[in-house]
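Scroll down for the structure; my scribbles are underneath it.
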Amino acid sequence: MSRSLPLSMRTVRTIAELRALLRTLREGNRRIGFVPTMGFLHEGHAALIRQSVSRCDSTVVSIFVNPTQFGPGEDLAQYPRDLERDQTLCHRLGTTVLFVPEPSEIYPTGYCTFVDPGPLGEPLCGQFRPGHFRGVATVVAKLFNIVQPDLAFFGQKDLQQTVVIRRMVRDLNLPVDIVVAPTLREADGLALSSRNTYLDADARARALALSKGLFAAQEAFEGGERDADRLLALARKPLTQVDEVQYLELVDAVSLDAVVGEVRRTSALCVAARVGRTRLIDNVLLAPNADEAQFISHLEAE
Ligand code: PAF
């Protein structure tokens, strides 16, 4: 396994170029790691890239702001972009190939095939972003087919996305192992997100309500509280600071079914809220039988 910096990272824009490079990189059964992103990379992405670089022989990072996962009126056009900065970061982290396709490369004229994640795409964010997980599942399936990675790395912050992707990989027999890495946070608790760049000083301060509530519930859980309603009430308290709570739910971390009564299995306390014009999501895992790290490596092993 090579841990050294590649002499020069290649940036490619077409599937044909990427496949030609991958043929060479894969020679001798060498492991390919893949980190799919929408760019405007932050330390959370960097942690995923570092994991891939340390565990695989070559790392492919994709930057593609996927139009099919944005609904009408969402921030597709405004989504932050800074390719030069992303390129520098990816190179510094040891990325082998940066794949930056145009929308027409991924969705050529006449494109009409989609992956429907079924009921896992419906609760939580699915209620507020209809079609979002169909777009995510479709682009991730396509990227997996294009890159054919051995390992693919995702952040726990998009918990529902990781659940949808793990199930898709299982249901469609895609030969890739999914690694889920813990959410990275600012020192004051705010979960890292490319969308944090939209927050002005007032919204940035009020956005802390999400993590504050989750941490209060997590602390109570660690102190032995198992009642779903009481945990939800603790997480809800600081949310008076935000402009709209889209959902605050305690769900089973594998099925996404709502937890009723006692927390008995690994569960996720998930929140989505609007602060100013910015929609933020966050979650923490509550694991009565195993710690979070074990849950994450369990995801990894599947
Ligand atoms: O998490 C993201 O950035 C996106 O949803 C992903 C996985 C790159 C698919 O577009």
Side-chain angles (χ1 to χ4, degrees), residues 15 18 33-49 51-52 59-71 74-83 85-86 89-90 95 97-107 111 113-117 120-121 124-126 128-147 149 151-169 172 174 176-184 191-198 268 270 272 278-283 299:
I15 296 167
L18 178 62
F34 179 42
V35 184
T37 81
M38 299 207 299
F40 211 70
L41 305 179
H42 52 65
E43 202 39 48
H45 298 110
L48 300 180
I49 297 171
Q51 271 216 46
S52 175
T59 291
V60 178
V61 175
S62 64
I63 295 182
F64 180 61
V65 183
N66 172 36
T68 64
Q69 68 188 75
F70 289 79
E74 291 190 351
D75 58 343
L76 173 61
Q78 296 83 46
Y79 197 82
R81 291 161 166 89
D82 189 342
L83 182 58
R85 192 179 60 105
D86 289 348
L89 178 70
C90 286
T95 301
V97 186
L98 184 60
F99 178 47
V100 192
E102 289 297 326
S104 59
E105 183 72 3
I106 300 296
Y107 300 113
Y111 187 88
T113 305
F114 287 85
V115 178
D116 177 356
L120 290 179
L124 305 173
C125 289
F128 297 88
R129 305 189 70 188
H132 170 70
F133 291 107
R134 178 180 185 257
V136 169
T138 300
V139 81
V140 172
K142 282 176 68 71
L143 290 167
F144 282 176
N145 283 330
I146 293 165
V147 177
L151 292 177
F153 298 80
F154 295 86
Q156 187 205 312
K157 185 181 146 274
D158 295 300
L159 180 113
Q160 187 172 10
Q161 169 168 285
T162 67
V163 170
V164 164
I165 290 168
R166 285 171 56 229
R167 186 68 66 89
M168 174 184 79
V169 162
L172 299 183
L174 303 179
V176 52
D177 286 331
I178 303 300
V179 181
V180 177
T183 303
L184 287 198
L192 297 192
S193 163
S194 305
R195 289 189 169 97
N196 291 350
T197 186
Y198 298 148
C270 303
T278 308
R279 181 178 185 278
L280 298 171
I281 60 171
D282 199 354
N283 69 81
L299 294 182

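One-based numbering, in listed order, for ligands and for the atoms of each. All residue numbers in this chain count up from 1 along the given sequence. All heavy atoms count here, side chains included; hydrogens, waters and symmetry mates do not. Treat the numbers as computed from the prediction; the structure is a model and nothing was measured.
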Close side-chain approach of Val140 and Phe154, heavy atoms under 4.5 Å: yes

Original post:
Is the shortest heavy-atom distance from the side chain of Phe64 to the side chain of Glu105 under 4.5 Å?
Top reply: no

Counting from 1, what ligand 1 atoms have a heavy atom of [X] closer than 4.0 Å?
{"X": "Gln69", "result": "4 (C), 5 (O), 9 (C), 10 (O)"}
{"X": "Thr37", "result": "8 (C)"}
{"X": "Val139", "result": "9 (C), 10 (O)"}
{"X": "Gln161", "result": "1 (O), 2 (C), 4 (C), 5 (O), 7 (C)"}

I'd like to check whether Asn66 has a polar contact with ligand 1, where a contact means an N/O of the residue lying under 3.5 Å from an N/O of the ligand. no

Exercise. Please assess Tyr111 against Thr138 for the test side chain to side chain contact (heavy atoms under 4.5 Å, CB included), listing each intermediate value before the final yes or no.
Key: CA-CA 11 Å; Tyr111 187 88; Thr138 300; 3.5 Å; yes

Worksheet item: Can Arg85 be said to sit on top of Phe40's aromatic six-ring, NZ or CZ under 6.0 Å from centre and within 45° of the ring axis?
Response: yes

CG of Leu41 to CD1 of Ile49, rounded to nearest 0.5 Å, is 5.5 Å

Ranked by distance from atom 3 (O) of ligand 1, the top protein heavy atom is Met38 CG, 3.5 Å

